Every structure is written in C-alpha cells, then in structure tokens.
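First the structure, in the form of structure tokens, and then the observations on it.
The chains referred to below are lettered A, B, ... by the order of the sequence lines, with proteins before strands, and numbering in each begins at 1. In this text, all values refer to a predicted model and were calculated from it rather than measured experimentally.
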Number of protein chains: 2
Amino acid sequence: MSDTILKPKASETQREILIVAADVFAAEGFRNTDVQVIADRAGVGKGTVYRHFGNKEQLFLATAQYCMGRLEEHVTEQLEGYPTAEAYLEAHGAADVLRLIARACAQFYQQNPLYLEILIQERVEFREANDPLQVLMRKNTRAGLDKLMETAIKSGDLRKGKVKSASDAFGDLLYGSLVQGSVDGDSQRLVQRVEQSVELLLNGLLASPS
Amino acid sequence: MSDTILKPKASETQREILIVAADVFAAEGFRNTDVQVIADRAGVGKGTVYRHFGNKEQLFLATAQYCMGRLEEHVTEQLEGYPTAEAYLEAHGAADVLRLIARACAQFYQQNPLYLEILIQERVEFREANDPLQVLMRKNTRAGLDKLMETAIKSGDLRKGKVKSASDAFGDLLYGSLVQGSVDGDSQRLVQRVEQSVELLLNGLLASPS
DNA sequence: CCGTGCGGACGGGCGCGTCCGTTCTCTGAT
DNA sequence: ATCAGAGAACGGACGCGCCCGTCCGCACGG
C-alpha cells in the first residue's frame, strides 16, 4: 500500500500521478474531477491510475496525504536544525516557536495555494466515514501543540490558563487566517496576514488587558 | 379550510423547499445531493423545485442566502434593543461588543450546525465565478467590523495598530473556531470554545506583552 | 513463449433538467 | 351561492450526457 518507495519505477509513476491529481482536484473539486483528465495530464491510461490507487476516493486520499506530508516536511525544515519544536521552544521561547510554526504553514500554502484547496476539499467530502486522514493528522499536530503550550505556560512565557484553550485559539486562528486569506485573493500576502494575526493573538487586542 | 395547509402560497412552498434543501445540502454536500431527494422530502415534485429556483446551483445559492439571513437576524436580536453594533459599542465598550458578536454567531451555529456546513460548502463549490453571495456577504460584515474596530481603536479601548489587521484576526479566529469546533464533534460546546478563544485574543497569550 | 505492466474503449448507472398531462385557484357571470 | 372556464401551479416519467470502474488486447522483457 504505502510502501511504494520500494519500487522506484512504480513509485515514480505514482508520484507523477499524485502531483497531477493534486492540481486537478484542487482546481476542479473532488466531484467535478474526471479521473480521465488526471490520467491524460499525467500521460498514462486511466487503467494505470486505477491499478495504482484502486478508486477515485483512494486516489484523492493519497493525494491529500501527499500534500500533508509535504507541509510537514516544510515545517520541519524551518526549524533550522532543531530536531523538534520542543527543542526550538527551549532555545527561543514560546512566542517565537508559535511565530515560526504559523509562518512556516503560511509560507507553504502561499507557495502551493492548491494544496490548501485539497485540505478544504477533504474536510468537506470526507467529514463523516471515520476520516482516517484529516482527523488523524489533526490529532497528531494537536498533541504536539498541546505539549508545546503546556511547557510554555509552565515556563511562564504564556499566561496561565487552560492548555487546550490556548491550543484551540492558536490552531483556529491559523486555520481561519489561511483559509480566509486565500479566499480574499491576496494569496501573495498570506504570510503577512498570518504573521499579523498571530502577533495580535500573542499580545492581545485590548489596550489594557485584565 | 385544511386545504390552505396542503397547498400554501408560492412563497410558503419556496420557504419549505429551502428549509429541506438546507438539511439535505448540509448532510450530503452540493455535488452529492440529488434534487429529487429534496423534492421528495419537501413533498413536492422535482418540476416544482426547478420552476421556483431555476437549477440546482441557484437553489443552493438561495439556500445559502436563507441561512445567512437567519444568522443576521439572530445576531441583530442579540443586540438587546440597540439598533446597531456601533450603538452597543458606545454603551458597553469594545471588548463586550466583540464578545457579543462572537457569542451570537456561535450560538446560532450551535443551534443550527447544518447551516455551518452550508457556509463551508458554498466556499468550496463557488469560490470562483464572481461569487455574488459569500464574498458580498463578507464585504458587508467586514465593512461593519472595520468601522467597529476603528471606533474602538480611536476611543482607546483597543491597542493601536492597523484596523484591517485587527478585523482580520478577529474574523479569522471566529471562522476558524466555528469550523474546527464543529469538526471536533463538540458542537454542544461551540459557544464555550468561541468565547474562550475570543477572550484569549482580547487579552493575549503572552504573560508579558510587548 | 510466457508473464507482467499498460492503456483506451466500453458498459452501466446516476442524476440534471425538461415536458406535458393533471390539479388547483381565481374570476366573473348567472 | 354556484359554476364554468382559463390560466397558473404542480409532479413525476423520461431523455440525455457524463463519468466511474472494468476488461481485454498489446507491447515488452525475461
């Protein structure tokens, strides 16, 4: 299944298909997409696509997984040598690690606006049916985020309060900024928008906080 | 006569169809929805649906418009006699008006989780093609929000800074909280989640803001 | 000569939108 | 008040196009 890397030639074809699929799914939406179009653009027959991915749904899920994998890679790269976000936190403090995560995500989706579309599509199309992908993905990132917040609160960097609330707020703000920012057309300013929003969340809107 | 119930006026029929359509679209998604199902559940023929709404797309847009109208009504009701949010702002301050708006939206979608699905669907399905609905709707609410923020900044309630950034952050946080909150299943705690997030945005995450 | 990977032609199902016979409603005349 | 008739509203059967997934013949390597 996912052990595709073993066969170089087959994996090349698969990878090629996934890249094209991401393009088409993002542009057309899952339902609107004709698998034939993906096959054509990838320069293979439709049979090949189905042999590799079983059916349209699995193809889409593989595509989404591919996109999320790319995002994860990108964020990790941004940690500049630190093995984990935790390590970065200890070195630079809570504010900077949150800034870094947010900026990394924004950068990624600014460079690959289509992948954001895939993310949203998946949310819409497969929200029921024990979603093995988005929810799973979210749980992973959330677990990491919670731990990060907990450490940061204990260290006194962050205001005391519920860990989950802080994670929720940060995650929700990030998600909202990315999605809305891409809608507003200024996909070129996604990074800027996210950075400003995160800054406001860190420092607060009120002139005199309670 | 009981016949008046069986054969209500045209506008009644339309409203009935819209309510059912909201249910079905929200549950199935736009593409997955068979118009026949809407007609059946509304107790009318498919021809009637098409006569009233033209085609499936227009039916969906009318449905979305209906949902947004309901939200607007609900928010207005929450202003407790104040004619506008501006008036409420002057009486209660910036923090409270933002809290009120956020809570009102959360309440509404907690009561009508399906309508949130409609909102998301519309975003996905009609993001191109000079969307006359969501973008228009957004521009309206954004204009109001910008004005609110501007007033609040001038009055000293809010930290100085770009008006648009503050609006973005608030709007994005609200949107993200609503969507993610509904995904996480706890649709019963939507209000709570949004309130906590807004509180954090108002006061800031950092223990010692710059 | 066999086996494996390939691709495109095709079947079948599904669902949008239409068409036309039926039913309801409203008006005006008796 | 009753009814006739016209016109509007209705509804569901059906045509048609689109697209998923399969199937079978082919090409190439061992």
Next item on the list: Quick one: which residue pairs count as a salt bridge (charged side-chain N to carboxylate O under 4.0 Å, His left out) with a foot in residues 22-36 of chain B, not counting sequence neighbours?
Entry: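 Residue pairs with at least one partner in residues 22-36 of chain B: B/Arg31-B/Glu125.
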
Rounded to the nearest angstrom, tell me the gap between atom [atom1] in [X] and atom [atom2] in [N].
X	N	atom1	atom2	answer
A/Phe53	D/dC20	CZ	P	15 Å
B/Tyr50	C/dG15	OH	P	12 Å
A/Glu16	C/dC6	CD	C1'	16 Å
B/Ile17	D/dG11	CD1	C1'	12 Å
A/His52	C/dG5	NE2	P	9 Å

Side chain of [X] only, please: which of [options] is the nearest?
X	options	value
A/Lys46	C/dG17, D/dC10, C/dA9	C/dA9
A/Lys56	D/dC20, C/dG17, D/dC10	D/dC20
B/Arg51	C/dG17, C/dA9, D/dC10	D/dC10

Notebook entry, point to check: Once the angle between the rings of B/Tyr82 and B/Tyr88 is folded into 0 to 90°, is it parallel (under 30°), tilted (30 to 60°) or perpendicular (over 60°)?
Noted result: perpendicular

Notebook entry, point to check: Taking the inter-plane angle between the rings of A/Phe30 and A/Phe126 on a 0 to 90° scale, is it parallel (under 30°), tilted (30 to 60°) or perpendicular (over 60°)?
Noted result: perpendicular

Notebook entry, point to check: Do A/Gln14 and A/Phe53 touch side chain to side chain, with heavy atoms closer than 4.5 Å?
Noted result: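 Result yes, sub-4.5 Å side-chain heavy-atom pair found.
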
Margin query: Using a 4.0 Å cut-off on heavy atoms, which residues in residues 28-44 of chain B reach DNA chain C? List them by number, or say none.
Written below: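 Of all residues in residues 28-44 of chain B, the ones placing a heavy atom under 4.0 Å from DNA chain C are B/Thr33, B/Asp34, B/Val35.
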
Next item on the list: Go through the steps to decide whether B/Asp168 and B/Arg142 satisfy the test salt bridge (charged side-chain N to carboxylate O under 4.0 Å, His left out), and finish with yes or no.
Entry: CA-CA 9 Å; B/Asp168 280 345; B/Arg142 265 309 290 265; 2.5 Å; yes

Check: More than 12 foreign heavy atoms under 6.0 Å from CZ of A/Arg41: is that the case here?
Finding: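 No, the 6.0 Å shell around CZ holds no more than 12 heavy atoms from other groups.
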
Notebook entry, point to check: Are B/Thr48 and D/dG11 close enough that a side-chain N or O sits under 4.0 Å from OP1 or OP2?
Noted result: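 For B/Thr48, the contact criterion (side-chain N or O under 4.0 Å from OP1 or OP2 of D/dG11) is met.
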
